[in-house]
Chemist: 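Before anything else, here's the structure in question.
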Amino acid sequence: MTDPTVGELFKAKVVTHDDLNALIDAVLDGRMEERVELGEGYTLDVAAAVKVNAFATAILRDKTSSKGAKRTAVRTAILLARAQKA
């Protein structure tokens with residue numbers, strides 16, 4: 001069985017809006033821990049999730065990107081990332 005995406009965990013209500021917003025805020029504030037717990041025994045390497053997403057990386061590096069664009073790019077990268085069962 002493949003590991004679910006964070007988006008799938010979000011739809012299943014394992015990850016809440018507050019959880020997702022906290023992860024986004026952490027990335028935008030430069031606080032990307034190695035792994036974070038998502039609930040029901042799932043973890044996510046947030047830094048790797050963002051770094052592997054070319055779109056998010058480009059938006060974050062672009063000095064002219066708005067805060068909203070950065071939030072959206074990071075949110076998308078996190079939702080597409082695969083969580084791992086601990």
Chemist: With sequence neighbours left out, what residues match Thr76 under side-chain contact (heavy atoms from CB on, under 4.5 Å)?
Modeler: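 Applying side-chain contact (heavy atoms from CB on, under 4.5 Å) to Thr76 gives Thr72, Leu80.
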
Chemist: What pairs of residues pass the salt bridge (charged side-chain N to carboxylate O under 4.0 Å, His left out) test when at least one of them lies in residues 69-79, not counting sequence neighbours?
Modeler: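 Listed once each, the pairs are Asp25-Arg71.
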
Chemist: Got a sec, which residues hit side chain to side chain donor-acceptor pair (under 3.5 Å) with Arg82, two or more places apart in sequence or on another chain?
Modeler: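 Expected list: none.
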
Chemist: Among Leu23, Thr5, Val15, find the one that has a side chain to side chain contact (heavy atoms under 4.5 Å, CB included) with Ile78.
Modeler: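 Answer after filtering Leu23, Thr5, Val15: Leu23.
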
Chemist: Under 3.5 Å, which donor-acceptor pairs link side chains of residues 52-60 to any protein atom two or more places apart or in another chain?
Modeler:
| residue | atom | partner | partner atom | Å |
| --- | --- | --- | --- | --- |
| Asn53 | OD1 | Phe55 | N | 3.2 |
| Asn53 | OD1 | Ala56 | N | 2.8 |
| Thr57 | OG1 | Val50 | O | 3.3 |
| Thr57 | OG1 | Lys51 | O | 3.3 |
| Thr57 | OG1 | Asn53 | O | 3.0 |

Chemist: Which pairs, with at least one residue in residues 67-86 and sequence neighbours excluded, count as a ring pair (Phe, Tyr, Trp, His ring centres under 6.0 Å)?
Modeler: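 Matches after skipping sequence neighbours: none remain.
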
Chemist: Considering residues at least two apart in sequence or located in another chain, which fulfil the side-chain contact (heavy atoms from CB on, under 4.5 Å) criterion with Gln84?
Modeler: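 For Gln84 the side-chain contact (heavy atoms from CB on, under 4.5 Å) partners, ignoring immediate neighbours, are Asp3, Arg35, Thr43.
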
Chemist: Do Asn21 and Ile24 make a side-chain contact, defined as non-hydrogen atoms from C-beta onward lying under 4.5 Å apart?
Modeler: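 Touching, per the 4.5 Å side-chain cut-off.
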
Chemist: Quick test of your reading: applying side-chain hydrogen bond (donor to acceptor under 3.5 Å, both in side chains), list the pairs with at least one residue in residues 9-19, sequence neighbours left out, ordered by first then second residue.
Modeler: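 Residue pairs with at least one partner in residues 9-19: Thr16-Asp19.
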
Chemist: Evaluate side chain to side chain contact (heavy atoms under 4.5 Å, CB included) for Val36 paired with Asp45, printing each intermediate quantity in order.
Modeler: CA-CA 7 Å; Val36 294; Asp45 183 336; over 6 Å; no

Chemist: Quick one: CG on Leu44 to CD on Glu37, what's the gap to the nearest 0.5 Å?
Modeler: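 Between Leu44 CG and Glu37 CD, I get 12.0 Å after rounding to 0.5 Å.
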
Chemist: Counting only N and O atoms by type, is there a donor-acceptor contact under 3.5 Å from the side chain of Lys85 to the main-chain atoms of Glu40?
Modeler: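 Such a contact is found between Lys85 side chain and Glu40 backbone.
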
Chemist: Can you sort out the partners of Thr64 under side chain to side chain donor-acceptor pair (under 3.5 Å), two or more places apart, ordered by chain and number?
Modeler: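 Per chain and number, Thr64 pairs via side chain to side chain donor-acceptor pair (under 3.5 Å) with Asp62.
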
